[in-house]
Amino acid sequence: MCGIAGIVGKSPVNQSLYDALQVLQHRGQDAAGIVTCEGNKLHLRKANGLVSDVFHTRHMMRLKGNMGIGHVRYPTAGCSSSAEAQPFYVNSPYGITLAHNGNLTNADELKQDMFRDDLRHINTTSDSEILLNVFAHELAKLGKLRVTSNDIFQAVASVHRRCEGGYAAVALIIGYGVVAFRDPFGIRPLVYGKRETAMGTEYMIASESVALGTLGFELVRDVAPGEAVYIDVAGNLHTYQCAANPQLSPCIFELVYFARPDSVIDNIFVHKARSRMGEKLADKIKREWSDHDIDCVMPIPDTSRTAALKLALRLGVWYTEGFIKNRYIGRTFIMPGQQKRKKSVRQKLNPIDMEFAGKNVLLVDDSIVRGTTSQQIVQMARDAGANKVYFASAAPPVRYPNVYGIDMPSASELVAHGRTEEEVRKIIGADRLIYQDLDDLIDAVVKKSKSNIQHFDTSVFNGEYVTGSVSKHYLEQLDLLRNDGAKDNEENEASQIDLYNGV
């Protein structure tokens, strides 16, 4: 998962892009990058690390220009070396730089096509570089010294025809402006907004609406699936539907876990959706466990707080905070390597013993992925003196890998893959396990919202991939890339490369 932002302003945009990336930092802590355009010259700074670590005063002073794009990243199926940091750049045609959130499921085929037919070399393992080169090649095919907005939209339409998977991208074309586009299913989120200044209207594009609001931009709307939004250097807005058969099928896991609660995605308030997830869980407990003996409900901070509070209120049970979180530890399920993940859980959460002592505690989390984190948390609750430890997940069992840009583990490492809920309960060590039903999750997300979503990508729960192009062979190859053994080897190789380069 990554976060992207783009601004076409009337004054320098370096600070605004920096601020936007900090707001989107939850979407990726591996690397960060900003590129700005000053006349016909690009200024780029990107490196591994958090936004605050990558950009110092000397870097910010060099990022001159009134338009630019930014990116925060964590590695998916590719390498975690600094060579993969975005935005990427190609000099032909015109000079284009691009940042991308998502994953192309036909990246290998596209890479071969790029070399054999388009005569373009892909220098990294990142599918974002492939997406950039596809877009650049389609623009170059037009053979024009100067292109129009319609030409740009034609190139995006060709991207949609060639690329499969989930993607939201923002690109800067020197001398033209910033263009953003979303895949024909709208799997990954993308919004745009505007703000009025004394010098004129400025436009911003971002992965989540919270980035716009923080910087004083008014949210206009989501970029529609298959749509392209182009803001030229003069600040004029152009939009066009570039896909033949768009269908809004966003990833529901954004609303469960990834998105900030203060964001609005496809007209759905994330906070409200998570509140209703808690209510649905409470209703399930009332149906299936009416004689429960829960003394208190505790969230596993931070993303489950909203659901846990509503669950407790609905059940009429005491709500309390039993874990204190170290906010300087990143998200554990996306950390490479099982050993690093196990160590970080203990560093990340610390129990307050008096809240557990002698009580039957219901722990609430947004989801259960590998199960190793849940297992350790259940044991921590027991060690803190809990009488019984129950566990509730605001999401259904995660049984299948995500192929559209979330670096979940291989299927074999998902605790619910091929197992019953009772088997998962035994593995994590809980006295009882309550999962959200998929129909209830969908209802919680769309109920009372103004969204026109007819269908979600729920592939991590049911194995049904909305693009319809995910083969068994692709999943097998993904499994080889994502298992912890591969990630540990990749991490060691990356460390050796960094040492060799004197990093």
Side-chain angles (χ1 to χ4, degrees), residues 4-14 16-17 20 34-44 63-71 87-100 131-132 134-160 168-182 190-207 211-212 215-224 226-243:
I4 59 175
I7 300 176
V8 177
K10 301 297 181 180
S11 59
V13 297
N14 53 352
S16 291
L17 285 170
I34 291 175
V35 61
T36 58
C37 187
E38 179 189 23
N40 290 321
K41 185 176 182 180
L42 293 180
H43 303 282
L44 171 67
L63 292 172
K64 300 176 181 178
N66 293 355
M67 67 176 181
I69 62 175
H71 186 266
F88 286 112
Y89 169 77
V90 291
N91 64 358
S92 176
Y94 319 116
I96 306 173
T97 182
L98 176 142
H100 161 229
L131 183 65
L132 168 60
V134 172
F135 178 57
H137 179 74
E138 296 303 327
L139 269 180
K141 278 171 57 178
L142 299 174
K144 293 185 175 182
L145 183 62
R146 296 288 301 175
V147 291
T148 65
S149 59
N150 288 335
D151 294 327
I152 292 171
F153 294 143
Q154 183 180 331
V156 174
S158 297
V159 169
H160 290 329
V170 59
L172 187 156
I173 309 173
I174 297 175
Y176 289 92
V178 170
V179 57
F181 52 91
R182 195 177 180 191
L190 193 65
V191 298
Y192 75 94
K194 65 179 181 179
R195 70 181 176 190
E196 302 298 333
T197 71
M199 293 178 285
T201 304
E202 299 180 319
Y203 286 94
M204 179 176 176
I205 299 156
S207 293
L212 275 62
L215 294 174
F217 283 82
E218 174 192 355
L219 173 64
V220 175
R221 61 177 174 85
D222 297 87
V223 176
E227 184 182 30
V229 174
Y230 168 50
I231 304 108
D232 62 34
V233 290
N236 300 307
L237 175 70
H238 313 263
T239 65
Y240 191 74
Q241 177 53 256
C242 300

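What's counted below: heavy atoms across the whole structure, side chains too, no hydrogens, waters or symmetry copies.
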Over all heavy atoms of both residues, which pair between [X] and [Y] is shortest? Give the atoms and the distance, please.
X	Y	result
Asn66	Ser11	OD1-C, 3.1 Å
Ile69	Ala99	CD1-N, 3.9 Å
Gly68	Val178	O-CG2, 4.5 Å
Gly39	Ile174	O-CG2, 4.3 Å
Tyr203	Phe217	C-CE2, 3.7 Å
Ala5	Ala20	CB-CB, 4.1 Å

Just so I know, are the side chains of [X] and [Y] near enough to count as touching, which here means a heavy-atom distance under 4.5 Å?
X	Y	value
Val147	Ile173	no
Leu139	Ile96	yes
Asp222	Arg182	yes
Tyr192	Thr239	yes
Leu42	Cys37	yes

[X] (side chain) donor-acceptor with [Y] (main chain) under 3.5 angstrom:
X	Y	value
Thr97	Phe88	yes
Arg195	Met204	no
His160	Gly226	yes
Ser207	Ile4	yes

Could you check Ser158 against His137 for side chain to side chain contact (heavy atoms under 4.5 Å, CB included), going step by step and ending with a plain yes or no? CA-CA 10 Å; Ser158 297; His137 179 74; over 6 Å; no
My understanding is that only residues two or more places apart in sequence, or in another chain, count here; which of them pass side chain to side chain contact (heavy atoms under 4.5 Å, CB included) with Phe153? Ser149, Asn150, Ala228, Tyr230, His238, Tyr240, Cys242
For the atom pair [atom1] ([X]) and [atom2] ([Y]), what is the distance rounded to the nearest 0.5 Å?
X	Y	atom1	atom2	answer
His71	His100	NE2	NE2	8.0 Å
Leu63	Thr36	CG	OG1	4.5 Å
Leu44	Tyr89	CG	OH	10.5 Å
Phe181	Gln241	CZ	CD	13.0 Å
Ile7	Met67	CD1	CE	12.5 Å
Leu219	Lys194	CG	NZ	11.5 Å

Is Lys10 atom NZ crowded by more than 12 heavy atoms from other residues, nucleotides or ligands, each under 6.0 Å away? yes
Check the pair Ile231 / Ile205 against side chain to side chain contact (heavy atoms under 4.5 Å, CB included), numbers first and verdict last. CA-CA 10 Å; Ile231 304 108; Ile205 299 156; 3.6 Å; yes
